[in-house]
Colleague: 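There's a structure below that I have some questions on.
Each chain gets a letter, A, B and so on, in the order its sequence line appears, and its residues count up from 1.
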There are 2 protein chains.
Amino acid sequence: MATISDVAARAGVSTATVSRALNGKSTVDRDLVARVRKAAVELGYQPNGPARNLRRQEAAVVALIISDVENPFFTAIARGVEDVAHEVGYSVVLCNSDESAEKENRYIDIAIQERVAGVILSPSGTTTSVAKLATRGTAYVAVDRPLPGHDSDVVLVDTRLAARQATAHLVAQGYDRIGCITGPSGVRTADDRLAGYRDALRSAKRRTPKLVRRTEYKAAGAHRAALDLLSQAEPPDALLIANSAMAVGVLQALQELEIRPGRDVGLVAFDDAPWAELVDPPLSVVAQPAYEIGAVAARLLLARIADSSRPPTTTTLGARLLERASSRGPEDRR
Amino acid sequence: MATISDVAARAGVSTATVSRALNGKSTVDRDLVARVRKAAVELGYQPNGPARNLRRQEAAVVALIISDVENPFFTAIARGVEDVAHEVGYSVVLCNSDESAEKENRYIDIAIQERVAGVILSPSGTTTSVAKLATRGTAYVAVDRPLPGHDSDVVLVDTRLAARQATAHLVAQGYDRIGCITGPSGVRTADDRLAGYRDALRSAKRRTPKLVRRTEYKAAGAHRAALDLLSQAEPPDALLIANSAMAVGVLQALQELEIRPGRDVGLVAFDDAPWAELVDPPLSVVAQPAYEIGAVAARLLLARIADSSRPPTTTTLGARLLERASSRGPEDRR
DNA sequence: AGCGACCGGGTAATGGATTACCCAACGATC
DNA sequence: GATCGTTGGGTAATCCATTACCCGGTCGCT
């Protein structure tokens with residue numbers, strides 16, 4: 001594998017000149033630049049990243065640690081981050097923490113060890129492993145969920161409000177016994193969505209009977225929860241579902257029970273999955289601006305990398321309720 | 001940021017001993033190991049990755065370059081890779097080439113520069129940038145699509161056969177004018193699926209009129225293609241669709257045209273998306289063993305990292321046709 | 001003509017972990 | 001008791017790109 005000295009020898013210059021010519025940091029004679037370029041191409045020279053990063057004390061890489069690669073919400077965030085980072089020459093590496101504090105911790109360690117320029121993460125639960133980033137002085141931004149006890153840059157969605165609006169919508173459509181299937185306790189978005197749901201019921205003066213279930217943010221858990229809720233003596237006549245993977249589980253359960261969404265039970269789910277309009281009836285959703293979250297987070301991160309002393313900011317983006325037939329309401333049923 | 005010398009000083013030993021104690025490569029006195037560990041923890045020591053990788057000439061990282069993060073097929077592959085790699089202490093970084101040869105090329109350069117131990121990629125098109133990996137001696141494995149002109153390890157699905165079977169199934173169900181919407185020319189899976197489709201029509205002695213459309217592997221392209229096909233004078237009465245993102249586009253088009261899938265037009269799509277059973281009627285799919293592809297690829301890669309001289313292998317996995325109501329057939333319609 | 005400013009480019013220090021090589025100490029063997 | 005082997009641990013070389021520092025040459029100004 002060719003090194004910078006090989007290139008220097010072939011071009012008949014010093015290694016310093018090769019470095020300067022290839023990085024364009026300092027002015028180098030035209031002819032020399034050309035000679036160096038030529039030599040580099042001929043040798044197929046690729047700079048040694050570790051050596052460069054060792055010397056520079058930082059890699060032009062940002063790590064993006066997301067809690068579920070299979071969740072379209074997070075992959076959309078990833079695209080937002082990528083597009084912005086690439087524009088300014090940073091690479092993005094994606095790490096999948098799988099909602100596990102341990103994996104998240106592991107990836108944070110790796111990010112620190114590899115001296116990445118910054119980290120964007122969707123914190124799983126109440127982890128304190130981000131503290132390491134703070135003490136190391138590595139720039140980081142939290143997305144989707146805040147970091148309790150750290151005032152870092154955060155990009156959030158006003159998910160409590162969105163849940164409240166979605167629930168109020170169900171109330172307005174005439175549903176009476178509205179249930180909620182949300183994520184695990186301690187996961188901030190799950191808690192917030194539940195809180196928004198309760199806000200709406202409270203201000204509509206509904207009592208909130210036992211119509212809440214919490215499970216992991218996956219189809220399987222939501223499937224069980226839905227079966228459980230709907231086989232009760234007094235089942236809900238509408239459901240607020242906290243993400244699109246869960247919506248899949250709920251819709252499966254409804255199929256099995258032969259309960260028709262939008263007819264027998266009203267539904268609103270978080271996240272506008274590409275298939276939401278294709279199911280029958282089309283699923284009402286709370287569309288979160290995922291790409292935007294990623295793009296904003298990336299810009300904040302870059303700003304922080306450039307100036308670590310800037311005051312931390314919290315950006316809260318809004319979500320949009322897309323009313324479709326699955327929440328049409330009892331009135332319209334006939 | 002604490003360095004190995006800081007730890008050595010605090011533990012009262014040499015840097016060599018610290019390295020040996022922490023890596024367990026050589027036998028070190030129990031007490032010293034304890035002292036070193038203690039000092040490392042107290043200082044919050046995290047080894048400097050670039051320094052380590054520079055010295056070792058390789059990072060315990062494998063790069064996974066996939067052509068679309070938003071495609072569940074590829075994210076499932078990612079999980080397979082991750083699970084296997086993590087077992088043996090490798091980290092996985094995910095790179096999204098977005099079906100762009102340029103981005104793929106860029107990520108390959110980065111992988112080489114960072115001296116990753118190996119690369120798994122789903123090659124976009126006829127790129128030759130993988131040649132660099134070969135000349136550099138970096139281990140790599142291709143998934144989903146072979147690399148023309150390189151005999152590397154490859155993990156494939158027998159997608160031509162699967163397409164043939166799916167098409168034969170449509171024939172058997174009594175469909176007459178079967179169309180196909182597949183990916184861009186030059187993308188191997190797209191070509192293979194088309195070839196399998198033609199195989200089936202040929203052996204069923206159907207002429208293949210102008211019922212094939214090729215677009216990018218996305219919903220938007222497939223949407224246009226479906227509108228185009230179905231508004232022809234003699235539209236198809238069934239469609240083979242080459243992936244799940246395209247299936248979304250096609251289903252949208254059918255909704256707009258008020259053509260009922262499984263009733264007016266038979267459908268089979270590649271990839272078993274979580275929502276396939278939820279649409280009305282449930283979508284027949286060709287389920288590819290994506291997780292398995294990733295797991296096998298990772299094992300092959302690890303084997304090649306360990307022994308670069310082993311002969312390249314091609315693993316072909318089978319796909320399963322899941323017959324659901326969207327391909328019920330004209331006979332059953334009434 | 002002489003002096004300083006400026007510029008291009010070379011020499012060598014630097015970053016931090018790993019490891020080849022070497023040495024000391026201790027136990028075992030004859 | 002002397003010698004050899006073994007083992008644990010220290011010293012210093014090594015990986016390679018970047019960059020501080022320095023030097024020689026050119027140009028401009030007086």
Side-chain angles (χ1 to χ4, degrees), chain A residues 1-37 39-40 43-61 89 109-110 112-117 136-138, chain B residues 1-37 39-40 43-61 89 109-110 112-117 136-138:
Chain A
M1 188 102 67
T3 72
I4 198 171
S5 329
D6 300 332
V7 178
R10 184 168 247 262
V13 297
S14 73
T15 61
T17 302
V18 174
S19 177
R20 288 191 276 247
L22 295 179
N23 294 313
K25 291 286 177 188
S26 166
T27 94
V28 179
D29 188 87
R30 288 191 175 290
D31 304 2
L32 284 190
V33 173
R35 247 161 64 201
V36 168
R37 288 249 173 80
L43 291 170
Y45 171 68
Q46 292 273 18
N48 183 309
R52 158 181 290 174
N53 298 336
L54 172 59
R55 182 60 230 239
R56 289 206 180 144
Q57 297 285 56
E58 183 169 292
V61 169
D109 281 350
I110 292 174
I112 292 172
Q113 288 180 10
E114 298 302 325
R115 280 16 177 206
V116 301
R136 283 297 181 309
T138 301
Chain B
M1 187 103 66
T3 72
I4 198 171
S5 329
D6 300 332
V7 177
R10 183 168 249 262
V13 297
S14 72
T15 60
T17 302
V18 173
S19 176
R20 289 191 276 246
L22 295 179
N23 294 313
K25 290 286 177 187
S26 164
T27 96
V28 179
D29 188 87
R30 287 191 175 292
D31 304 2
L32 285 189
V33 173
R35 248 162 63 203
V36 169
R37 288 247 173 79
L43 293 170
Y45 170 67
Q46 291 273 21
N48 182 308
R52 159 180 287 173
N53 298 337
L54 172 59
R55 181 59 229 232
R56 289 209 180 140
Q57 297 285 59
E58 182 170 293
V61 169
D109 280 350
I110 291 174
I112 292 172
Q113 288 180 10
E114 298 302 325
R115 275 30 174 196
V116 301
R136 283 298 182 307
T138 302

Colleague: Counting any heavy atom closer than 4.0 Å, what does A:R56 reach on the DNA or RNA strands: base, sugar-phosphate only, or nothing?
Modeller: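 Sugar-phosphate contact only.
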
Colleague: Are any of the side-chain heavy atoms of B:N48 and B:T3 separated by less than 4.5 Å?
Modeller: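 Counting from C-beta outward, B:N48 and B:T3 never come under 4.5 Å.
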
Colleague: Take the protein atom CG of B:D31 and the nucleotide atom C1' of D:dG8, then report the distance between them rounded to whole Å.
Modeller: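 Answer to the nearest Å: 13 Å.
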
Colleague: Measure from NZ on B:K25 to P on D:dG9 and round the result to the nearest Å.
Modeller: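 Between P of D:dG9 and NZ of B:K25: 18 Å.
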
Colleague: Looking at every non-hydrogen atom in both residues, tell me the closest pair between A:A21 and A:R37 and how far apart they are.
Modeller: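 Smallest interatomic distance, heavy atoms only, reads O-NH2, 4.4 Å.
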
Colleague: So does A:Q57 get a backbone contact from the side chain of A:R115, meaning a donor-acceptor N/O pair under 3.5 Å?
Modeller: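 Absent.
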
Colleague: Would a 4.5 Å heavy-atom cut-off, applied to side chains only, mark A:R52 and A:N23 as touching?
Modeller: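 Result yes, sub-4.5 Å side-chain heavy-atom pair found.
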
Colleague: Give the residues of residues 47-55 of chain B touching DNA chain D, defined as any heavy atom closer than 4.0 Å, sorted by residue number.
Modeller: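 Within residues 47-55 of chain B, the residues near DNA chain D are B:L54, B:R55.
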
Colleague: Looking at A:R136, I want to see if its CZ is surrounded by more than 12 non-hydrogen atoms of other residues, nucleotides or ligands under 6.0 Å.
Modeller: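 Yes, because the 6.0 Å sphere around CZ of A:R136 holds more than 12 heavy atoms from other groups.
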
Colleague: Going by atom types only, do A:N53 and A:E114 share a side-chain donor-acceptor pair under 3.5 Å?
Modeller: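 A:N53 vs A:E114: no donor-acceptor pair found between side chains.
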
Colleague: Roughly, in whole Å, what's the span from CZ in B:R115 to P in D:dC16?
Modeller: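 After rounding, the gap between these two atoms is 8 Å.
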
Colleague: Please identify which of these residues, B:T27, B:L32, B:V33, meets the side chain to side chain contact (heavy atoms under 4.5 Å, CB included) condition with B:D29.
Modeller: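 For B:D29, the side chain to side chain contact (heavy atoms under 4.5 Å, CB included) check succeeds only for B:L32.
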
Colleague: To check you understand the geometry: which heavy-atom pair defines the closest contact between B:V61 and B:V116, and what is its length?
Modeller: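 Taking B:V61 first and B:V116 second, the nearest heavy atoms are O-CB, 3.4 Å.
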
Colleague: Which is true for A:T27 with a 4.0 Å heavy-atom rule: it touches a base, it touches only sugar-phosphate, or it touches nothing?
Modeller: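 Since only primed, P, OP1 and OP2 atoms lie under 4.0 Å of A:T27, the category is sugar-phosphate.
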
Colleague: B:E58 CD to D:dC16 C1': how many Å, rounded?
Modeller: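 Spelled out: CD on B:E58 to C1' on D:dC16 is 17 Å.
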
Colleague: When you check the phosphate oxygens OP1 and OP2 of D:dT18, does a side-chain N or O of A:S19 lie under 4.0 Å from one of them?
Modeller: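 Answer yes for this pair, as a side-chain N or O of A:S19 is under 4.0 Å from OP1 or OP2.
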
Colleague: Answer yes or no: is there a side-chain heavy-atom contact under 4.5 Å between A:V18 and A:V13?
Modeller: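 Yes - at least one pair of side-chain heavy atoms lies under 4.5 Å apart.
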
Colleague: Name the first nucleotide and the last nucleotide along DNA chain C (5' to 3') that come under 4.0 Å of a heavy atom in chain B.
Modeller: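 In short, chain B contacts DNA chain C from C:dG16 to C:dA20.
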
Colleague: Pick the closest DNA chain D nucleotide for B:L32 and for A:A2 by heavy atoms, then say which residue is nearer the 5' end.
Modeller: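 Nearest nucleotide further toward 5': that of B:L32.
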
Colleague: Answer with base, sugar-phosphate or nothing: what part of the nucleic acid does A:V18 contact at a heavy-atom distance below 4.0 Å?
Modeller: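 The residue A:V18 makes no contact with any strand.
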
